[in-house]
Amino acid sequence: MTFDIKAPDFDLEKTLNSGQVFHWEKIDNGFVGTIGEVPVFVEQRGGELKVCRGETPRPAGGTPTLPGMVAHYFALDHSLPEIRAALPKDPAMQAALTFCRGLRIIRQPKWECLATFICSSMKQVAHIRQISRALRERFGEECTISGVVRRLDGVSPHRSINYSVFTFPSAERIARSSEAQLRSCALGYRAKNLLATARLVTRGDVDLESMSRLADVDLRAALGELPGVGAKVANCVMLFAYERLRAFPIDVWIERVLREQYFRRKRNVTPQRLSEFTESYFGEHGGYAQQYLFHYARMFGGRRAVGARKQDATARVPPACGLSLRGL
DNA sequence: ATCCAGGTTGCCA
DNA sequence: TGGCAACATGGA
């Protein structure tokens with residue numbers, strides 16, 4: 001069964017390839033992945049999404065409608081015009097913002113997001129994708145997606161699709177595995193942390209759902225208690241799974257941008273000071289600012305920008321703004 | 001081959 | 001507090 005969903009001001013590819021989520025696979029002009037336990041094929045055509053769902057591994061009760069679920073996951077309710085208007089007007093921000101038009105901060109399942117970002121430390125995005133896939137194939141459940149989608153050319157009425165995808169393993173499933181099994185998924189030293197955190201979640205020592213009621217500072221502290229979760233990962237999980245749009249994760253890419261564009265290579269700028277600056281300067285939607293700067297820097301910035309050709313061949317040239325991030 | 005990656009942690013002064 | 005090394009793995 002396929003649905004059409006209105007999705008104005010949305011760029012599916014930029015959203016899924018910007019390093020906030022790691023499991024979506026580009027296939028046949030669309031993407032195959034899961035939204036929670038629901039396997040989904042999504043294809044964007046102009047301002048519309050064509051969505052086809054597969055079978056969940058188990059019958060799920062109280063599931064919302066597919067269009068509602070998709071719209072919620074991709075945060076189609078976020079008002080991008082308002083968010084864009086509220087961001088700073090400096091050249092670096094404007095350039096990133098122009099390039100990242102339609103990129104949305106999505107709403108990921110909490111455990112899935114937490115687990116993958118625990119695996120993300122000192123890993124390139126490509127590696128994180130490999131780890132995510134390995135965990136799914138080893139411990140997740142396989143689902144199939146089959147159906148019909150109308151063809152782009154409109155010559156034939158439709159084409160049939162048939163894909164396979166794995167759900168992300170639950171905390172319980174990870175907790176039941178061994179550190180050696182996790183290491184076989186190329187987790188390295190992160191295996192110990194993922195296992196320990198999975199056990200805490202499984203035992204009920206932490207309740208990821210009820211933590212959504214905490215204020216930002218308390219949520220950050222609670223997440224920080226988990227093994228393998230420091231300031232950066234906590235901010236990623238807050239931003240990508242708890243709808244805390246102020247959260248501003250600072251990784252090596254963002255740190256380069258901040259030092260080059262906002263601190264003009266000044267020395268003695270501690271992580272603490274960087275954090276204070278981003279909090280006050282980018283404000284309420286800092287997470288969006290961060291994601292736009294991150295994606296832009298990764299596509300065009302110095303230190304051999306990653307994937308500019310493969311991921312976005314149509315936009316190889318950065319927007320003309322009289323500013324370059326080269327030489328960071 | 002060498003460098004580096006969406007960091008965290010423990011230990012040192 | 002701030003600096004620093006260890007920690008695993010594989011893409012560029």
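Reminder, nothing fancy here: chain letters follow the sequence lines and each chain counts from 1.
Between A/Phe22 and A/Gly228, it is A/Phe22 whose nearest contact on DNA chain B lies nearer the 5' terminus. Nearer to the 5' terminus of DNA chain B, by closest-nucleotide assignment, is the contact made by A/Pro249 (compared with the other of A/Pro249 and A/Glu225).
Atom CG of A/Leu194 and atom P of B/dT9 are 14 Å apart (whole Å). Distance A/Asn268 CG to C/dG2 C1': 11 Å, rounded to the nearest Å. Spacing between atom CG of A/Asp251 and atom P of B/dT8 amounts to 10 Å, rounded to whole angstrom units. The distance from atom CE of A/Met122 to atom P of C/dA8 is 13 Å, rounded to the nearest whole Å. The interatomic distance linking A/Lys192 (NZ) with B/dT9 (C1') rounds to 13 Å, in whole Å. Between the C1' atom of B/dT8 and the CG atom of A/Leu187 lies a distance of 15 Å, rounded to the nearest Å. Look at NE2 on A/His23: it is 18 Å from C1' on B/dG6, rounded to the nearest Å. For A/Ile131 and C/dC7, the CD1 to P distance is 18 Å, given to the nearest whole Å.
Within 4.0 Å (heavy atoms only), A/Gln291 reaches at least one base atom of the nucleic acid. Residue A/Leu239 is out of contact with every strand shown, counting any heavy-atom pair closer than 4.0 Å. Counting any heavy atom pair closer than 4.0 Å across all strands shown, A/Ala231 reaches sugar-phosphate atoms only and no base atom. At the heavy-atom level, A/Ile254 lies under 4.0 Å from base atoms of the strands shown.
Side-chain N/O atoms of A/Lys232 and base N/O atoms of B/dT8 include no donor-acceptor pair closer than 3.5 Å. Interface remark: the A/Gln130 side chain does not form any donor-acceptor pair with the C/dG11 base, using a distance-only criterion of under 3.5 Å.
Defined by atom type and a distance below 3.5 Å, a donor-acceptor pair is present between the side-chain atoms of A/Thr34 and A/Arg136. A donor atom on one side chain and an acceptor atom on the other are found under 3.5 Å apart for A/Tyr163 and A/Asp28. Using a 3.5 Å distance cut-off with no hydrogens or angles, the side chains of A/Glu48 and A/Gln44 do not pair a donor with an acceptor.
Listed candidates were B/dT8, B/dG6, C/dG11. Nearest to the side chain of A/Phe294 is B/dG6. For A/Val252, counting side-chain heavy atoms from C-beta on, the closest listed nucleotide (C/dG2, B/dG6, B/dA5) is B/dA5. Closest to the A/Tyr189 side chain, of the nucleotides B/dG6, B/dG7, C/dG10, is B/dG7. Distance from the side chain of A/His127 is smallest for C/dG10 among the nucleotides B/dG6, C/dG10, C/dA8.
Nearest heavy atoms, A/Ile106 versus A/Ala75: CA-CB, 4.5 Å.
Between C/dA8 and B/dC11, the distance separating the two P atoms is 16 Å to the nearest Å. Atom name P, nucleotides C/dG2 and B/dG6: the rounded distance is 26 Å, in whole Å.
Side-chain nitrogen and oxygen atoms of A/Gln124 include none within less than 4.0 Å of the OP1 or OP2 phosphate oxygen of B/dC3. Taking only side-chain nitrogens and oxygens, A/Arg256 comes nearer than 4.0 Å to OP1 or OP2 of B/dA5. Dashed line: the shortest gap from a side-chain N or O of A/Arg183 to OP1 or OP2 of C/dA8 is under 4.0 Å.
Aromatic ring orientation, A/Phe277 versus A/Tyr262: tilted (interplanar angle from 30° to 60°).
The distance between the ring centers of A/Phe117 and A/Phe240 falls below 6.0 angstrom.
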